[in-house]
Structures are given as structure tokens and as C-alpha cells.
Amino acid sequence: MTRPWPSTVAEAEAVQEQLRPLVDLADSGPEHVRLVAGLDVGYAVKGDEVTGAVVVLDADTLRVVDRAVVRERVRFPYVPGLFAFRELPPLLAALDRLPVTPDLLICDGYGLAHPRRFGLACHLGVLTGLPTVGVAKTAFVGSHDAPGRERGAWSPIRIDGDVVGRALRTREGVKPVYVSQGHRVGLDTACAHVLRLTPAYRLPEPIRQADRLSHS
DNA sequence: GCGACAG
DNA sequence: ATCTTGTCGC
């Protein structure tokens, strides 16, 4: 289900242009979110192998209810802007091994805030049909002012005047995270979920759990 | 033209 | 992403 995969930058960019129209940015978000999944990819031991990890949490209690890990050979080099072609294969494989279907996916990376407005979160959303949100740890594209120092403060990330995401402070005095829409979830809803899923650390609990799993 | 550039 | 010790602060 991940068969024909681009092997060149030109092919990969063409795929993004082709799939971009399929992204749903109008839907404000799922009515009920009971199961939230965090996804991340780890690069360890052998440099040509990647580990895709997915951890499903109960959205209310934040307890882990399911998880899946897949180790496989890397399919695409790291190229800023084409990140998804490197991380999507192991993530889709891990999702396939889950016995449940999450109501929302939290991706480690960008969604709309992308050179061609089609980052990992958008791509994963289109391929799975599931609601997705992108949460990145460092700035990539666009510009933004520093959000207030308190938890919950945010400032818009803009590219040529268009708002493509938000720099959101999840902990007082700590560097903000960068939230952008993936698929079928509005920006307000996305940020609300991210804050609700981040009770103690800088990163949302689903992402932290997936990060841990991708390293074991 | 030069540098920067999600992980 | 990954290579890596100690250290400041709640």
C-alpha cells in the first residue's frame, strides 16, 4: 500500500503537487476524539534503517492503550520539504499493525506550514483519510513573532501574509512548538488538542511516547 | 548569488 | 535524526 515510491526530488515534488488538492482544511475537526495517536520515526544503529512508531492514548486519561513499531530500510534521503517520503513508509507500516483506528493523528513535523503547503501531516492525512495535526520542534518556513511567555500563548506563522500555523507555548518560559493543520482539523481545534495533550512537558504526550518507542 | 532548511 | 557530560533550577 506504499508501493510506487518516488526516487527523485522532481518525482516527489510532483506527487506533492498532485495530492495537495485533496487536503481538507475546512473541516474544524472530529466530533469525538477518544483515541489519539502520536507518530514518530527514529534513526538508529544502522544508518540505512528507520523505526516507525505509533502510540495510541486515551484522549481523556492520556493512558497508553496501544502501540506498534516497525523497523525497515529507509526509502528516501532527508531533503527539507520532502521529509514525508522518508518518514511516511515506516509510519504507514506501523499504523497498519495497529488493532484500532485512532480518531486523531499527531505527527512529528509540519503540515500546511510547508514550502508547497503539503508537509508530512497533510500527506499522512490524505493517504489514511484520518484527521491529522502537525507539531514540529523547530521553525522551518514562514516567520512569526515570539509568543507570550505563558502556557497557551501563541503567535501566527505566516508565509507571504498567509497564516499557515502557530508558534504555541505549551509550557511557561519554554521554547514553543510549531503547530500546523494536517487534514480535516482546523487550526483552533488543532491547538486546543495540542494543549490538552501537553500536561507536563514541552511536547504533546502522544509525540513523547512515540519518540520513546522509536528509540527502543 | 548565498545561506537556511521539519527529522 | 545522531554524536555526548555536566549542570542549573523547580
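Each chain gets a letter, A, B and so on, in the order the sequences are listed, and its residues count up from 1.
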- Task: Specify the separation, in whole Å, of atom CZ of Arg86(A) and atom C1' of dG7(B).
- Result: 8 Å
- Which of the following nucleotides, dA1(C), dG7(B), dA6(B), is nearest to the side chain of His215(A)? dA1(C)
- Message: Can you classify the ring geometry of Phe85(A) versus His123(A) as parallel (below 30°), tilted (30 to 60°) or perpendicular (above 60°)?
- Response: perpendicular
- Item | Note: Asp108(A)-Arg208(A) ion pair, threshold 4.0 Å (strictly below) | no
- Rounded to the nearest angstrom, tell me the gap between atom CG in Leu91(A) and atom C1' in dG7(B). 11 Å
- Using Watson-Crick and G-U wobble pairs with both distances under 3.5 Å, what is the 5'-to-3' dot-bracket string of DNA chain B, with [ ] for crossing pairs and | for pairs outside the strand? .......
- Query: Can you list the steps and then say if Val50(A) with Glu72(A) is a side chain to side chain contact (heavy atoms under 4.5 Å, CB included)?
  - Reply: CA-CA 6 Å; Val50(A) 289; Glu72(A) 58 179 47; 4.2 Å; yes
- Query: Side chains of Glu87(A) and Tyr78(A): do they bring a donor and an acceptor to under 3.5 Å?
  - Reply: no
- Query: In whole Å, what is the span from the NE2 atom of His114(A) to the P atom of dA4(B)?
  - Reply: 20 Å
- Check the geometry between Tyr78(A) and dG7(B) and answer yes if their rings are stacked (centres below 5.5 Å, planes below 30°), otherwise no. yes
- Task: Write down the distance between CD1 (Ile207(A)) and P (dG7(B)), rounded to a whole number of angstrom.
- Result: 10 Å
- Item | Closest non-hydrogen atom pair between Cys122(A) and Gly111(A), with its separation | SG-C, 3.4 Å
- With salt bridge (charged side-chain N to carboxylate O under 4.0 Å, His left out) as the test, would you mind laying out the steps for Glu49(A) and Arg71(A) before giving the verdict? CA-CA 7 Å; Glu49(A) 291 190 338; Arg71(A) 187 80 170 268; 3.4 Å; yes
- Message: Whole angstroms only, please: what is the CG-C1' distance between Leu39(A) and dA6(B)?
- Response: 15 Å
- Item | Salt-bridge contact Arg212(A)-Asp40(A) (side-chain N to carboxylate O under 4.0 Å) | no
- Item | Distance, rounded to the nearest Å, where Leu124(A) contributes CG and dG7(B) contributes P | 16 Å
- Can you tell me if Arg117(A) and His114(A) form a side-chain donor-acceptor pair at under 3.5 Å? no
- Message: Over all strands shown, is Leu82(A) touching base, sugar-phosphate only, or nothing at heavy-atom distances under 4.0 angstrom?
- Response: base
- From Trp5(A) CH2 over to Leu88(A) CG, what is the distance, rounded to the nearest 0.5 angstrom? 4.5 Å
- Query: Does any residue of residues 138-161 of chain A have a heavy atom under 4.0 Å from DNA chain B, and if so, which ones, in number order?
  - Reply: Thr138(A), Ala139(A), Phe140(A)
- Task: Verify the contact: side-chain N or O of Tyr43(A) to OP1 or OP2 of dG7(B), cut-off strictly under 4.0 Å; return yes or no.
- Result: no
- Message: So Gly134(A), base contact, sugar-phosphate only, or nothing? Heavy-atom distance under 4.0 Å.
- Response: nothing
- Task: Report yes if at least one side-chain N or O of Lys137(A) is closer than 4.0 Å to OP1 or OP2 of dG7(B); otherwise report no.
- Result: yes
